[in-house]
Peer 1: 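One structure coming up, written as structure tokens, with questions to follow.
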Amino acid sequence: TDLHTQPTIRVHIDAAAAMQGVTRFGELGGRWQYSKDESLTVASQFKGFDFCITADADKLGEYFDIAAVVPGFKRVNWREFKIDEEPRIYIMRRRSGNADADLVADMAKARRAHEKRQSRARSRG
């Protein structure tokens, strides 16, 4: 089964990721089902999800692999006059193979395009 034929794709957004700015704004409807259930605390409780968006990749390492990493603010580097970033959000894919590799590649491609647009905007301003 891949994401194109799977009836429902379940995504969990943890509280820490939501506080970092992860939102359901612009979510894909239809087969995509999103959860922000804060009562889930043990890795085994996440096995029913295809993807998890989290700020703590280590807690899900037993059942999920990192599919993408989103950097975030770390500090202002005054010597080089730039903003230093570090990994902040992890998009985790369940290991069972239900996640489609093409989707993960598309997500990474979209992220790179977004970063390129931001870089161009910064260089203009």
Peer 1: Hey, is Lys59 close enough to Asp14 for a salt bridge, meaning N to O under 4.0 Å?
Peer 2: yes
Peer 1: Check this for me, if you would: do Arg94 and Asp50 make a salt bridge, where the nitrogen-to-carboxylate-oxygen distance has to be below 4.0 angstrom?
Peer 2: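 Here Arg94 pairs with Asp50 in a salt bridge, since their nearest N and O are under 4.0 Å apart.
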Peer 1: Return the NZ to CD distance between Lys47 and Glu62, rounded to the nearest 0.5 Å.
Peer 2: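 So the gap between those two atoms works out to 8.0 Å.
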Peer 1: Can you tell if the side chain of Tyr63 reaches within under 4.5 Å of the side chain of Phe46, non-hydrogen atoms only?
Peer 2: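 Sidechains of Phe46 and Tyr63: no contact.
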Peer 1: Can Glu38 and Lys36 be counted as an ion pair, charged N to O under 4.0 angstrom?
Peer 2: no
Peer 1: State the OG1-CD1 distance between Thr54 and Ile91, to the nearest 0.5 angstrom.
Peer 2: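 Rounded to the nearest 0.5 Å, the OG1-CD1 separation comes to 11.0 Å.
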Peer 1: Between CD of Gln45 and CG of Leu60, what distance do you get to the nearest 0.5 Å?
Peer 2: 10.5 Å
Peer 1: Could you tell me if Arg10 sits above the aromatic ring of Phe49, with its cationic atom closer than 6.0 Å to the ring centre and no more than 45 degrees from the axis?
Peer 2: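 Yes, a cation-pi geometry holds between Arg10 and Phe49.
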Peer 1: Are the aromatic rings of Phe51 and His12 close, with centres under 6.0 Å apart?
Peer 2: no
Peer 1: Run the numbers on Tyr34 and Ile13 for side-chain contact (heavy atoms from CB on, under 4.5 Å), then give the verdict.
Peer 2: CA-CA 7 Å; Tyr34 296 85; Ile13 301 168; 4.3 Å; yes
Peer 1: Tell me if a side-chain donor or acceptor on Glu80 pairs with a main-chain N or O of Asn77 at a distance below 3.5 Å.
Peer 2: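 No: the side chain of Glu80 does not pair with the backbone of Asn77.
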Peer 1: Roughly how far, to the nearest 0.5 Å, is the CE atom of Met19 from the CZ atom of Arg88?
Peer 2: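 That separation rounds to 12.0 Å.
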Peer 1: Where do Asp84 and Val76 land on the side-chain contact (heavy atoms from CB on, under 4.5 Å) test, with the steps shown first?
Peer 2: CA-CA 6 Å; Asp84 290 338; Val76 176; over 6 Å; no
Peer 1: Cut-off 3.5 Å, side chains only: do Ser35 and Asp37 have a donor facing an acceptor?
Peer 2: no
Peer 1: Indicate the atoms forming the closest heavy-atom contact of Tyr90 with Val69, along with that distance.
Peer 2: CD2-CG2, 3.8 Å
Peer 1: How close do Ala16 and Ala55 get, counting heavy atoms only, and between which atoms?
Peer 2: CB-CB, 3.7 Å
Peer 1: When you compare the side chain of Ile66 with that of Met92, does any pair of heavy atoms fall below 4.5 Å?
Peer 2: yes
Peer 1: Report yes or no: does Arg93 contribute a side-chain atom to a donor-acceptor pair with the main-chain N or O of Ala68 at less than 3.5 Å?
Peer 2: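 Checked: no pair found.
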Peer 1: State yes or no: do Ile83 and Phe81 share one hydrophobic cluster built from I, L, V, M, F, W and Y residues joined by side-chain heavy-atom distances below 4.5 Å, directly or via other members?
Peer 2: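 Looking at the clustering, Phe81 is in the same group as Ile83.
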